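Notes follow once the structure below has been shown.
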Amino acid sequence: MPTSELTFFTNPKSRGRIARWMLEETGVPYATEVLEYGTSMKAAPYLAINPMGKVPAIRHGDNVVTECAAICAYLADAFPQAGLAPPPHGAARGPYYRWLFFAAGPLEAAWTNRALGVAVPPERSAMVGY
Ligand SMILES: N[C@@H](CCC(=O)N[C@@H](CS)C(=O)NCC(=O)O)C(=O)O
């Protein structure tokens, strides 16, 4: 595959590190476009890739994928020869989905809240996802 078919949009100081790790594990060549916070990340050319103006994102042919977990799952499926996800009907598929979504949902929310000093009132803890 020509390098230009797989493009990685990122900033080195971002969650893009997660996607970068997965891209490296695939072993396939890819191009990198570095976006700057507040400028190129919020400019029209990149907003056409991710309307949220956030990194990371990848473009693979006609497919654009944003969200770290989605990028990891997409790459595992797009490049099965790298063996990065359990087989679709194998016993490990359940735990694979569980931890993929757990990391993207409750774990992400928990560490973001902790970093921001957002405390959940004990009487409301049943409604948070972690
Ligand atoms: N849920 C997204 C989070 C992406 C995100 O928040 N990225 C931050 C950097 S770590 C960003 O691009 N911030 C720029 C901004 O919001 O202006 C994911 O998992 O990819």
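Both ligands and their constituent atoms are indexed starting at 1 by order of listing. Heads up: numbering here begins at 1 and tracks the sequence. Only a predicted model underlies this, so the values are computations on that prediction, with no experimental measurement involved.
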(request) Step through it carefully: locate the ring centre of Phe79, locate the ring centre of His60, and say whether they are under 6.0 Å apart. (result) yes
Identify each donor-acceptor pair in which a side-chain atom of residues 96-109 lies under 3.5 Å from a protein atom, sequence neighbours left out, and give them as a table.
| residue | atom | partner | partner atom | Å |
| --- | --- | --- | --- | --- |
| Tyr97 | OH | Arg93 | NE | 3.3 |
| Tyr97 | OH | Arg93 | NH2 | 3.2 |
| Glu108 | OE1 | Arg15 | NE | 3.4 |
| Glu108 | OE2 | Arg15 | NE | 3.3 |
| Glu108 | OE2 | Arg15 | NH2 | 2.6 |

(message) Contact between Ile58 and Ile71 at the side-chain level, heavy atoms closer than 4.5 Å - yes or no?
(response) yes
(request) May I ask you to decide if Gly16's main-chain N or O and Ser14's side chain share a donor-acceptor pair within less than 3.5 Å? (result) yes
(message) Whether the side chain of Lys42 engages the backbone of Met52 through a donor-acceptor N/O pair (distance < 3.5 Å, no angle test) should be reported.
(response) yes
Inventory of protein N or O atoms under 3.5 Å from ligand 1 N or O:
| residue | atom | partner | partner atom | Å |
| --- | --- | --- | --- | --- |
| ligand 1 | 1 (N) | Glu67 | OE1 | 2.6 |
| ligand 1 | 1 (N) | Glu67 | OE2 | 3.4 |
| ligand 1 | 6 (O) | Arg15 | NH1 | 3.2 |
| ligand 1 | 6 (O) | Lys54 | NZ | 3.3 |
| ligand 1 | 7 (N) | Val55 | O | 2.8 |
| ligand 1 | 12 (O) | Val55 | N | 2.9 |
| ligand 1 | 16 (O) | Lys54 | NZ | 2.8 |
| ligand 1 | 17 (O) | Lys42 | NZ | 2.9 |
| ligand 1 | 19 (O) | Glu67 | OE1 | 3.4 |
| ligand 1 | 19 (O) | Cys68 | N | 3.3 |
| ligand 1 | 20 (O) | Cys68 | N | 3.1 |

(message) Could you walk me through whether Phe9 and Asn50 satisfy the side chain to side chain contact (heavy atoms under 4.5 Å, CB included) test, starting with their C-alpha distance in whole Å, then the side-chain angles of each, then the deciding distance to 0.1 Å, before giving a yes or no?
(response) CA-CA 10 Å; Phe9 301 90; Asn50 184 357; over 6 Å; no
